Amino acid sequence: MIKSDYLVIGSGIAGLSLALKASKNGSVSLVTKRKISDSATEKAQGGIACVINKNDSFKKHICDTIISGAGLCNEKMVEQLVVEAPERIKELISLGVKFTKKSCFDLEFDLGLEGGHSRRRILHFGDITGNEIEKILKKNIEKHKNITVYEDHSAIDLVLDDEEVCRGACFLNNKNNDIRIFEANIIILACGGAGKAYLYTSNPDVATGDGIAMAYRAGASIANMEFVQFHPTCLYNNKARSFLISEAVRGEGGILRLKDGSSFMGKYHFQKELAPRDIVARAIDNELKIRDENFVYLDITVKPKDFLIERFPNIYAKCLEYGIDISKDMIPVIPAAHFFCGGVVVDENGRTNVKNLYAVGETACSGVHGANRLASNSLLEGVVYAERVYKDSLQFLGKKSHATRFNLTTRNTKRSKDTPDTVFMQKWQEVRRLTWNCLGISRSNAKLLEAKKKIAILKKEIDSYFDTASLTVDIIELRNISCITELVTRSALLRKESRGSHFNIDYPFTLPDAKDTVVNIKSNKIYEAK
Ligand code: SIN
């Protein structure tokens, strides 16, 4: 048993920021599934939204966030997110994070523009903003004696005591297959999202919804899982399925075109290529279905080569690897699963309904994204809520547990019966294909019912492997993605309308009352007024 004041699970912007803050007051175990930098943060290209310019205002950023969220944002939370942003950005800069300036002689930041924003307000570091943030936070973490980092540890389940208070979590050491329990006063899920539940995603391999699935099994309420945001423009290439072409490319004038060269976004929204992300993704999906084609083009050839190399060095180089010179050639793109707007229900301080358990970042559903996240608000959510959780948690430091017995939700012994790897691989494919086919950009009642039936069968099989086979990272992740597919299906079936990133052809309208869909393992299903 490893004991510390804080147990932080996950190492993206939210987990690393929180570990750094927490280490000022207590000992921290920072546990992560692969290496520290294996996170969605590391891959983030666009940047982090913050009101900086004189021609911008908090009111405008709040308004853009709420419009993008399609009526389902928690307005109080959105206000906190936007108003607290400048302080958190200053903090990142003081830790050493660099953001691109207008020129090397200039002190002014070069602010980017992305879909749904009425002003340029995206701080970025070229097109590798997440990499810069992750690198600097990691450097700072390494300096702290109070933080012990455990890489290659896969979280299996949360550990609750007899009174259902969270006391820690159970992990598989990926290297030697040992199972270890980490105990702490304060447990924080910062495990990112669940894009890997889909066949095609912009997310890294680690995004298997571990935090959401574990919280659900521990009794936490989970909300709005039907709002899976599809990024409109991932590179269409067999070898680079998950490579994102940042929305910032459209912010700099990129036009979406069909194979014949014609543009089409004007038909769908007055903001054209810069409409909120759900609208652009749906428009592309629709054009592809009408034409029975596999991709559309993103055309940024209007910009000079020097500009593109300086502003988008990573995208330029990556596309060139695949024979596309973006200064001359149009880029084939396709939407892919990108971000879960729903997750573990938290209050304004990141607390879940399970005692001692917090959730932060993409794992959480704080209400700031509503039915569709505004571009570049996700890194922001990670840092703003890291601060809020940290401040709130101080009151629980040093409190001793009275519980003597743990009720382990996972067996802590090695299993004996082995299932061949090929069976797991096949189940992985089945779950991800089912999610892609039935819970994609455009849904229908028939497809949702098909998903419900099929995922129930798959889950039963997978849960039985989990109970009997030797534990491996693959089986832990497979169990979690199947749980995510079930949660998305259940939430999508509860919503009898189309809103934001959830579109059901059988209910193409939006109902007047915005409601959250909340599911809980105990109460089974709830559909709540906001
Ligand atoms: C992008 O660079 O297009 C992604 C930004 C985001 O997901 O907010």
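Since the structure is predicted, the reported quantities are computational estimates derived from the model, not experimental observations. For this chain, numbers begin at 1 and follow the sequence in order. First listed ligand is number 1; within each ligand, the first listed atom is number 1.
Scanning the protein for heavy atoms near atom 2 (O) of ligand 1, the closest one is Ser246 OG, 2.7 Å. Summary of contacts: the protein heavy atom closest to atom 7 (O) of ligand 1 is His338 NE2, 2.7 Å.
Taking 4.0 Å as the cut-off between side-chain N and carboxylate O, Arg88 and Glu381 do not count as a salt-bridged pair. Glu477 and Lys196 are not joined by a salt bridge, as no carboxylate oxygen comes within less than 4.0 angstrom of a charged side-chain nitrogen. Using a cut-off of 4.0 Å between Lys/Arg side-chain N and Asp/Glu carboxylate O, Lys267 and Glu287 are scored as salt-bridged.
Looking at ligand 1, you'll find an N or O of Gly46 within less than 3.5 Å of one of its N or O atoms. At least one N/O-N/O distance between His231 and ligand 1 falls below 3.5 Å. The N/O atoms of Glu247, backbone and side chain alike, include one that comes under 3.5 Å of an N/O atom in ligand 1. The shortest N or O to N or O distance between Asn377 and ligand 1 is not under 3.5 Å.
Close to ligand 1: Ala375, with a non-hydrogen atom less than 4.0 angstrom away.
At a cut-off of 3.5 Å, with distance as the only test, a side-chain donor of Asp64 or Ser118 sits close to an acceptor on the other residue. For Asn372 and Ser68, the side-chain atoms include at least one donor-acceptor pair closer than 3.5 Å. Tyr316 and Asp325 form a side-chain donor-acceptor contact under 3.5 Å, judged by distance and modelled atom types alone. A donor atom on one side chain and an acceptor atom on the other are not found under 3.5 Å apart for Lys272 and Ser263.
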Could you go through Thr100 and Asp110, starting from their C-alpha distance and side-chain angles, then the distance that decides it, and tell me whether this counts as side chain to side chain donor-acceptor pair (under 3.5 Å)? CA-CA 6 Å; Thr100 300; Asp110 175 54; 5.9 Å; no
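With a heavy-atom cut-off of 4.0 Å, Arg277 touches ligand 1 through its side chain alone. Only the side chain of Leu244 comes within 4.0 Å of ligand 1, counting heavy atoms alone; its backbone N, CA, C and O stay farther away.
Close contacts between ligand 1 and Ser376 involve ligand atoms 6 (C), 8 (O) [criterion: under 4.0 Å to a heavy atom]. Listed by atom number, the atoms of ligand 1 under 4.0 Å from Arg373 heavy atoms are 6 (C), 7 (O), 8 (O).
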